[in-house]
Amino acid sequence: MELITMSNVQIIKKDIKNITLKVKPSCEVILTVPLNTDNRHILYILEKRKDWIDKKVDFFKSYNKIENKEYVSGESFYYKGKAYRLKIIQSDNEKVKLLRGYIQIFIKDKTDKAKKEKMLNVWYMKKSKEYFNQILNQYLPIVKKDIKSIKIRKMKTRWGSCNPKKGYINLNFDLIKKPKECVEYVIFHELVHLVHPNHSNKFYNFLYTYMPDWKKRKDKLEYK
């Protein structure tokens, strides 16, 4: 195996047949190619996929920014595709409410960052379960398959995943921050995998049939 580093891209040459390109949450770009791949072809691949690489890097940069919050009044947090200002209110009755264009956190100790973060995440999770289930029920009659388990959790590298054999679907916790059409795309994408496990022509034909604008939704998901 040969390892070559080019600016922000790692090129790995190894005994494989197919080329793979990945962008890690750290924004590191890794291109793995067969041993006999020449540098001109490597440069061609990187140039051809430049827009895709830039999208992924921008996504992970924005994700990392979202994670580094102070949880103080005035900070912006997304919910269903819309930005809301945070308002921290001292109160013995601790709760989180969406009211008058603000996400309001009522808390005894306004300086307790860890508790504010936990309270907001609990609120996000409650809203996610209600919202995602509503969309799942909307699209389940199309695929006509049973789901045995749905889990909502933090996922740094993908918005959703599906295990067709077991009937398991995982959804990214942060989807609750995205516009509805983007959430619908991710959920329907994973549901279609229950019918067509791989990204085959049959999979995309099914996706196009019931969601003709899925590409626009996917693009919006990466940028919004």
Side-chain angles (χ1 to χ4, degrees), residues 25 51-52 55-56 58-67 69 75-87 95-105 117 119-164 167-196 199 203-224:
D51 288 346
W52 181 85
K55 278 185 185 180
K56 289 294 183 183
D58 288 345
F59 164 71
F60 286 125
K61 282 181 178 178
S62 69
Y63 185 93
N64 291 334
K65 283 181 184 177
I66 290 170
E67 292 299 290
K69 294 287 191 179
E75 276 188 324
S76 182
F77 285 81
Y78 276 87
Y79 175 63
K80 294 184 179 180
K82 184 179 177 182
Y84 291 89
R85 294 289 184 185
L86 194 66
K87 185 179 283 187
K95 59 187 175 181
V96 178
K97 290 180 69 176
L98 182 63
L99 187 65
R100 300 189 185 96
Y102 288 91
I103 295 177
Q104 301 181 352
I105 298 180
E117 182 179 5
M119 286 176 66
L120 186 57
N121 283 337
V122 168
W123 181 80
Y124 270 134
M125 180 61 76
K126 179 177 181 292
K127 296 295 183 181
S128 296
K129 288 177 180 177
E130 296 169 356
Y131 193 50
F132 297 170
N133 278 329
Q134 176 187 337
I135 294 173
L136 277 161
N137 289 331
Q138 178 184 341
Y139 285 95
L140 267 174
I142 297 173
V143 297
K144 298 176 182 176
K145 295 285 184 179
D146 293 328
I147 299 174
K148 294 181 181 177
S149 173
I150 300 167
K151 290 184 179 178
I152 301 168
R153 59 189 180 88
K154 284 279 188 181
M155 301 167 73
K156 282 195 173 183
T157 59
R158 56 178 65 185
W159 291 111
S161 64
C162 175
N163 185 322
Y168 294 170
I169 286 179
N170 295 310
L171 297 172
N172 193 322
F173 171 81
D174 286 319
L175 269 176
I176 192 62
K177 301 168 186 176
K178 296 294 181 176
K180 184 178 181 180
E181 58 266 38
C182 300
V183 183
E184 288 177 337
Y185 159 70
V186 173
I187 289 176
F188 188 52
H189 181 110
E190 302 309 332
L191 286 175
V192 175
H193 277 309
L194 296 173
V195 182
H196 302 292
H199 290 116
F203 171 89
Y204 285 109
N205 287 339
F206 195 103
L207 196 59
Y208 266 117
T209 299
Y210 295 99
M211 192 177 281
D213 63 341
W214 70 268
K215 283 189 176 181
K216 289 182 180 179
R217 295 173 185 244
K218 185 175 184 292
D219 288 341
K220 189 171 185 178
L221 177 65
E222 301 298 339
Y223 283 111
K224 183 66 175 176

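- Taking a 6.0 Å sphere around CG of N205, one finds it holds more than 12 heavy atoms contributed by other residues, nucleotides or ligands.
- Residues K145 and L140 come closest through the heavy atom pair O-CD2, 3.5 Å.
- For K177 and F77, the positive end is not near the middle of the six-membered ring at less than 6.0 Å and at most 45° from its axis.
- Within the 4.5 Å cutoff, the side chain of K178 has no heavy atoms near those of the K80 side chain.
- In this structure the side chain of L171 never reaches within 4.5 angstrom of the side chain of W159, judged on heavy atoms.
- Under 4.0 Å is where a charged nitrogen must lie from a carboxylate oxygen, and between E117 and K69 no such pair does.
- Nearest heavy atoms, I169 versus C162: CG1-SG, 4.1 Å.
- Here K126 contributes atom NZ and I176 contributes atom CD1; the two are 11.0 Å apart, rounded to the nearest 0.5 Å.
- Aromatic rings from F203 and H189 are positioned such that their centres are separated by under 6.0 Å.
- Contact check on R217 versus D213 returns a salt bridge, with a Lys/Arg side-chain nitrogen under 4.0 Å from an Asp/Glu carboxylate oxygen.
- For N170 (side chain) and I150 (main-chain N/O), no donor-acceptor pair under 3.5 Å exists by modelled atom type.
- In this structure, I142 and F188 have side chains that are in contact, with non-hydrogen atoms separated by less than 4.5 Å.
- Between Y185 and K216 there is no side-chain heavy-atom pair separated by less than 4.5 Å.
- Ring pair Y204/W214: centre-to-centre distance below 6.0 Å.
- Using a 4.5 Å cut-off on side-chain heavy atoms (C-beta onward), F173 and R153 make no contact.
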- Is there a salt bridge (charged side-chain N to carboxylate O under 4.0 Å, His left out) between K220 and E181 once you walk through the steps? CA-CA 9 Å; K220 189 171 185 178; E181 58 266 38; 2.5 Å; yes
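- Minimum heavy-atom separation, Y84 to Y102: CD2-N, 4.2 Å.
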- Worked check of side chain to side chain contact (heavy atoms under 4.5 Å, CB included) between K87 and I105: CA-CA 6 Å; K87 185 179 283 187; I105 298 180; over 6 Å; no
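- Here the closest non-hydrogen pair linking I147 and G167 is CG2-O, 3.5 Å.
- Side-chain contact between W123 and I103: present, with at least one pair of heavy atoms (C-beta onward) separated by less than 4.5 Å.
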- Message: The test is side chain to side chain contact (heavy atoms under 4.5 Å, CB included); show your working for Y139 and I135 and say whether it passes.
- Response: CA-CA 7 Å; Y139 285 95; I135 294 173; 3.9 Å; yes
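- Between Y79 and Y131, every side-chain heavy-atom pair lies at or beyond the 4.5 Å cut-off.
- Of all non-hydrogen atoms in P141 and K144, the two that sit nearest each other are O-CG, 3.2 Å.
- Under the 3.5 Å distance criterion, the side-chain polar atoms of N172 are matched with a main-chain donor or acceptor of M155.
- Using a 4.0 Å cut-off between charged side-chain N and carboxylate O, R85 and E75 make no salt bridge.
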